[in-house]
Every structure is written in C-alpha cells, then in structure tokens.
K.L.:
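Structure provided below as structure tokens; questions to follow.
Below, each value reflects all heavy atoms present in this structure, side chains not excepted, and no hydrogens, waters or symmetry copies. Start at 1 and go down the list; that is how both ligands and their atoms are numbered.
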Amino acid sequence: MTTPLPTVRTIAELRAQVADWRRQGLRIAMVPTMGALHEGHLTLVRRGRELADRVLASVFVNPTQFGPNEDFGRYPRDEAGDAAKLAAAGCDLLYAPGMDQIYPQGFTTSIDVGPVTRRWEGEFRPGHFNGVATVVTKLLMQAQPDIACFGEKDYQQLQTIKRLVADLDIAVRIEGVPTVREADGLAMSSRNAYLTAEQRSRAAGLNRVLRTIAGRLAEDPGTVVAACEWGRGELLAGGFDAVDYLAVVDAANLEPLERVDRPGRILAVARIGGVRLLDNAAVGAPSA
Ligand code: PAF
C-alpha cells in the first residue's frame, strides 16, 4: 500500500514545505492540475521526478477559466482518488488550496497574455486564457518551483504560459510534455469521461485525421488549405457533429500558416454531442 500523500491547503503551509526543501538544496518541480487525474497528468509527475528532486502537484478547479455555460459545476472532483494516484506516481506533496487562497475577498486582477491567446480556443472560449494565465501566475508565485510541467495536449495553453513566464520574468522553466494517448490514439483528457461508449468509438477519428494531414504536409508543405479542407470533411463524415477549427499554425506564435516552411502545429477542436475534443500534431521541423 502507498503511504498517504502529504497535503497542504494554505499558501503558508506550502511555502513552509518548499522552504524546507530549499534549505536542503533540493530542486522542485510543480504540476498544476484541476484534478480528475489520468495517465496524462501522471506522466507530468514522472517527468517532474526526472528533472527535480521533489515534485508537488496542485489540484484546483479554477472558476475563472470556465465560461458561464461551461462545466465548472459538474467538472469531476475526486481529491482522495487523485491523491492516491499522485502518491503512486511518485509525487511528494499535494497543494489543494481553498478558493480563499487563490481568489481572496477583493481580488480583481486578470492577466491578459495578448496575441497568442486571441485565436482558436480564445475565440470559442472568451476569457478562458485570462483565467488560465491568472491562476497559473498565482500558483507559480505561491510555490516558486524551479520547473513546472504542462501537457502539449493543451498546446495553446502551453504557448500562453511560456509567453507569460517570459514576459513577467517568472524564474521557472516551463517543461512541455508530449500528449499521452489511449491505444486508439485519442488524447487523454478528463472530459473524455463525458462521452458515451458510442461517442467514444468515434472520437479517435480526430487523431487519425491529424496524423494523415501531418503526413500529407510532410510530402507537400504547400498544401495546407487543401489538407485542412479535406480534414474537416473527413471529420464530419466520420461522425463528428461540428469542427470548431482545424488549422496549421506557427508552432510558437500560433498565427496561421499557408505553407509549412517553419516549425508548425496542426490545431483542431471537433465536437461530438456537447463534448469538445481538442488535439494537435507537430508539422515541419521539431518545435522548441
Ligand atoms: O491544464 C489545466 O489543467 C489547467 O488549465 C491549469 C493549467 C491547471 C490551470 O487551471
């Protein structure tokens, strides 16, 4: 049986533990999460372990990154289950702050990272990235880790956080970790739990289409428009109800590309029923 994971709930307790590790000369990695943990999150913890001496994970379902009609209220919450998974993956500490530790009475600040947040998810989820940027800044300032690990699955989020940390001189290395997938290629996500079995069987089509587009663009980098048009049609024919976006973008600033003449990413969101499935794939030379 794994030993229960030490859990702290206040900034003061968190800082006391981090200060103790610092006195011992230990390097610290942080894995910020919203809980409902799956293998993707646990891979972040394992990557943190490779890079640092201690790993701390946070679980906080952040209200400011959810739109008014989104799933904040029903987002899956299971702190005991999450803590057991984190402990088994080698995590040393869980930070599970109450709302008052993140958004105390009178809190009004919102961080806007600018152009990298405007398109794609930014268009479909107004305010989402301000909420992400604000909470990530708070978590990083509270814990002050050496390294923070984020999944590449939320690729626009990862680029937003890299920009934020560079712009605000936050002394942390941001480590992007490749997406963890189910056997059929579906990117792991806490929201996959919303799919019915029948919807789940259609969902893997998204990654198949992205991989095919990546292959086509490797052969002929100038066919971005045609490849995306083909991909859209393929998704709709393959049982997706809508495609919010399917685009090839510059891997760093996320501006659209018409030709893959530099490191790029295919970004896509397609819907099955009410569930938005998000995925991406690298194209062109490997991105930094
Ligand atoms: O990716 C997530 O789980 C969240 O957006 C994050 C980074 C923990 C901020 O709430």
K.L.:
Name the closest protein heavy atom to atom 7 (C) of ligand 1, giving the residue it belongs to and the distance to 0.1 Å.
P.N.:
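Nearest protein contact, heavy atoms only, for atom 7 (C) of ligand 1 is Gln157 NE2, 3.5 Å.
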K.L.:
Which atoms of ligand 1 have any heavy atom of Val135 under 4.0 Å away?
P.N.:
9 (C), 10 (O)
K.L.:
For residues Glu198 and Ser201, is any side-chain donor paired with an opposing acceptor at under 3.5 Å?
P.N.:
no
K.L.:
Per the side chain to side chain donor-acceptor pair (under 3.5 Å) rule, which among Arg181, Lys153, Arg211 passes with Asp279?
P.N.:
Arg181
K.L.:
Which word best sums up how the rings of Tyr103 and Phe107 line up, parallel for under 30°, tilted for 30 to 60°, or perpendicular for over 60°?
P.N.:
perpendicular
K.L.:
Only heavy atoms of Thr33, strictly under 4.0 Å: list the atoms of ligand 1 that pass.
P.N.:
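Those of ligand 1 that fall under 4.0 Å from Thr33 are 8 (C).
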K.L.:
Can you tell me which residue and heavy atom of the protein come closest to atom 10 (O) of ligand 1, and the distance to 0.1 Å?
P.N.:
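Heavy-atom neighbour on the protein nearest atom 10 (O) of ligand 1: Gln65 OE1, 2.6 Å.
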K.L.:
So among Gln157, Arg276, His128, Gln156, which one has a side chain to side chain donor-acceptor pair (under 3.5 Å) with Glu121?
P.N.:
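It is Arg276, the one option of Gln157, Arg276, His128, Gln156 that forms the side chain to side chain donor-acceptor pair (under 3.5 Å) with Glu121.
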K.L.:
Taking 4.0 angstrom as the limit and counting only heavy atoms of Pro32, give me the atoms of ligand 1 inside it, by number and element.
P.N.:
8 (C)
K.L.:
Taking the six-membered ring for Trp, are Trp120 and Tyr245 parallel (under 30°), tilted (30 to 60°) or perpendicular (over 60°)?
P.N.:
tilted
K.L.:
Does Arg118 make a cation-pi contact with Phe124, if we ask for NZ or CZ under 6.0 Å from the ring centre and within 45° of the axis?
P.N.:
no
K.L.:
Please state which part of Leu139 comes within less than 4.0 Å of ligand 1, counting heavy atoms only: side chain, backbone, both or neither.
P.N.:
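The answer is neither.
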K.L.:
Enumerate the atoms of ligand 1 whose separation from the nearest heavy atom of Met34 is less than 4.0 angstrom.
P.N.:
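Reading through ligand 1 atom by atom, the close ones are 3 (O), 4 (C), 10 (O).
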